[in-house]
Amino acid sequence: MQPNTIHTARPFTSRNLLVGQVMAAMLQDRPFGPALTPSPDFPGWTSAAVIDVLATIPRFFFLSPRSIGRQHSFRHRSPIRRRSLRHESADLGRGLRLHGPPAYRDPAKVKLGVAKALEFYSWVESRCGFLHDQLTCREMSRLLAKANRLPTLWRFLRSNEALVGTATVTSVIKILGEEGLTREALAAFYRMKQLHCKPDVQCYNTVISALCRVGDFNKARFLLNQMEMPGAPCPPDTYTYTILISFYCKRSLQTGCRKAIRRRIWEANHMFRRMLFKGFVPDVVTYNCLIDGLCKTYRVERAHELFDDMLLKGCSPNRVTYNSFIRYYSAVNEVDKAIEMMRAMLLRKHGTPTSSSYTPIIHSLCETGRVGEARDFLVEMVDGGSIPREFTYNLVCGTLNGAGHEDLPDELHRRIEEGIDARFRQVMGVKPVMGGRTRSTQEQMYIGCMTCNEQVKGICYL
DNA sequence: CTTTGAGCTA
């Protein structure tokens with residue numbers, strides 16, 4: 001199967017149904033108490049099913065409709081815009097968001113979600129006889145971290161100490177970092193001992209990443225120094241350096257100032273050398289981070305140096321590596337080199353192009369008026385099993401029309417639109433029965449779930 | 001449990 005094939009729908013399993021029914025019960029505010037019991041033929045809860053439910057709750061309660069729903073425009077509807085082609089305007093590092101939770105959150109809904117989750121968590125144990133394990137406990141902790149409910153989280157961790165290990169604290173720290181709660185993430189790191197957990201490399205790496213995310217490289221490097229000390233209980237690994245390199249590059253792009261960019265890129269390169277000096281072997285990801293940072297700051301020569309170094313050291317570049325170059329060459333209006341890179345990737349068996357490889361090339365070709373070639377690449381892309389983004393599709397169609405070119409074959413139109421539709425439904429996480437494409441608000445998703453009892457009569461467990 | 005990328009828009 002092609003790695004980038006879009007699956008038309010999620011498998012229609014009984015576990016999905018179960019999750020749907022529990023979510024429906026939560027949204028209808030049916031209490032998880034003695035009144036609610038599974039039917040006699042219910043096979044019982046499994047860890048995986050409990051985890052599924054807990055992982056689904058944030059999607060319904062912690063995000064508001066605005067961040068989920070989106071307007072869906074159809075073919076030929078949006079006007080075609082051309083980006084300027086000047087070198088300086090090619091902004092490769094756009095849209096970087098290093099921290100912060102989603103913009104819109106309804107506190108009341110979050111509160112409800114947390115209450116329901118806790119209710120469910122104990123209901124499953126007390127009414128259904130399910131014994132919680134480390135994994136279900138971890139998922140519950142993650143949920144509380146996502147809800148930013150720190151006192152509740154700590155109370156939960158302490159009262160379930162037997163099921164809490166280093167891995168759980170690590171995943172909590174990760175979420176706190178992603179939520180922008182860096183202080184809390186660091187506090188969790190230092191409070192681990194209270195839960196009788198010892199930090200390991202992964203845990204260190206996660207805190208370092210949380211610190212870097214907000215640009216606190218000093219604290220991050222302090223931890224690295226601590227790890228690098230001779231005889232340290234927890235020496236660094238390849239991940240540690242990769243994280244630092246990656247964030248130096250990202251930070252560098254975030255600032256508009258030339259000097260700051262230069263300094264950060266220097267730090268990234270320096271960290272790379274430090275890693276080699278300490279005897280670590282960089283892997284593909286390490287190279288990819290640095291190469292991407294270099295491409296986005298227009299230092300292609302250095303990027304190529306590293307690329308050659310990879311080949312020399314027997315570290316095979318992958319799709320991600322090539323895509324960095326392809327993005328660069330497309331943005332600076334050297335499409336032919338981008339195409340050359342893509343072909344080289346195939347030829348050397350380093351990977352197959354995906355939509356991420358085709359898209360910049362197609363955009364660039366449209367901008368330069370090479371519509372025919374853009375069209376050919378779109379066809380090639382769909383043949384390879386990738387579905388373009390809606391924007392790309394509209395762009396090519398519009399440009400073809402404007403230039404009086406022959407339209408794409410009808411069959412291709414159909415396949416692309418079906419693919420876009422399928423992807424859209426997949427993002428919404430709604431079963432095809434409700435037709436998610438036109439109903440795009442969260443409220444309508446609720447309807448889809450609440451009516452699931454009627455849709456699937458006979459397989460209901462609750 | 002920890003690391004890369006993912007293009008559009010006002």
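No experiment lies behind these values; they were computed from the predicted model shown. Chain identifiers are assigned alphabetically (A, B, ...) following the order of the sequence lines, protein sequences preceding nucleic acid strands; residue numbering begins at 1 within each chain.
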Asker: Rounded off to whole Å, could you give me the NE2-to-P distance for the A:His363 and B:dT9 pair?
Answerer: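 From A:His363 NE2 to B:dT9 P: 9 Å.
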Asker: Just the rounded figure in Å: distance from P of B:dT4 to CZ of A:Phe247.
Answerer: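 About 7 Å, once rounded to whole Å.
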Asker: Please list all pairs passing the salt bridge (Lys or Arg N to Asp or Glu O under 4.0 Å) test where one or both residues lie in residues 154-176 of chain A, with sequence neighbours left out.
Answerer: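 Matches after skipping sequence neighbours: A:Lys174-A:Glu178.
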Asker: Rounded to the Å, how far apart are A:Ile245 CD1 and B:dT3 P?
Answerer: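 Interatomic distance, CD1 of A:Ile245 to P of B:dT3: 15 Å.
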Asker: Between B:dC1 atom P and A:Leu195 atom CG, what is the distance in whole Å?
Answerer: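 From A:Leu195 CG to B:dC1 P: 19 Å.
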Asker: In residues 133-143 of chain A, what donor-acceptor pairs under 3.5 Å come from side-chain atoms, sequence neighbours left out?
Answerer:
unit_1: A:Asp133; atom_1: OD1; unit_2: A:Leu135; atom_2: N; d: 3.1
unit_1: A:Asp133; atom_1: OD1; unit_2: A:Thr136; atom_2: N; d: 2.9
unit_1: A:Asp133; atom_1: OD1; unit_2: A:Thr136; atom_2: OG1; d: 3.2
unit_1: A:Asp133; atom_1: OD2; unit_2: A:Ser47; atom_2: OG; d: 2.4
unit_1: A:Thr136; atom_1: OG1; unit_2: A:His132; atom_2: ND1; d: 3.1
unit_1: A:Thr136; atom_1: OG1; unit_2: A:Asp133; atom_2: N; d: 3.0
unit_1: A:Thr136; atom_1: OG1; unit_2: A:Asp133; atom_2: O; d: 3.1
unit_1: A:Arg138; atom_1: NE; unit_2: A:Thr168; atom_2: OG1; d: 3.2
unit_1: A:Ser141; atom_1: OG; unit_2: A:Cys137; atom_2: O; d: 2.8

Asker: Do A:Ser171 side-chain and B:dC1 base share a donor-acceptor contact under 3.5 Å?
Answerer: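 Per atom types, no contact qualifies.
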Asker: Without decimals, in angstroms, what is the distance between A:Ile326 CD1 and B:dG5 P?
Answerer: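 Value for this atom pair: 16 Å.
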Asker: Nearest whole angstrom, please: distance from the P of B:dT3 to the CZ of A:Phe280.
Answerer: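 Result: 18 Å.
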Asker: Looking at A:Phe247, does the NZ or CZ of A:Lys250 lie under 6.0 angstrom from its six-membered ring centre and within 45 degrees of the ring axis?
Answerer: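 Yes, a cation-pi geometry.
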Asker: Rounded to the nearest angstrom, tell me the gap between atom CG in A:Asp200 and atom P in B:dT3.
Answerer: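 The answer, rounded to whole Å, is 13 Å.
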Asker: Indicate whether OP1 or OP2 belonging to B:dT3 is found under 4.0 Å from a side-chain N or O atom of A:Lys250.
Answerer: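 It does not, given that no N or O in the side chain of A:Lys250 lies less than 4.0 Å from OP1 or OP2 of B:dT3.
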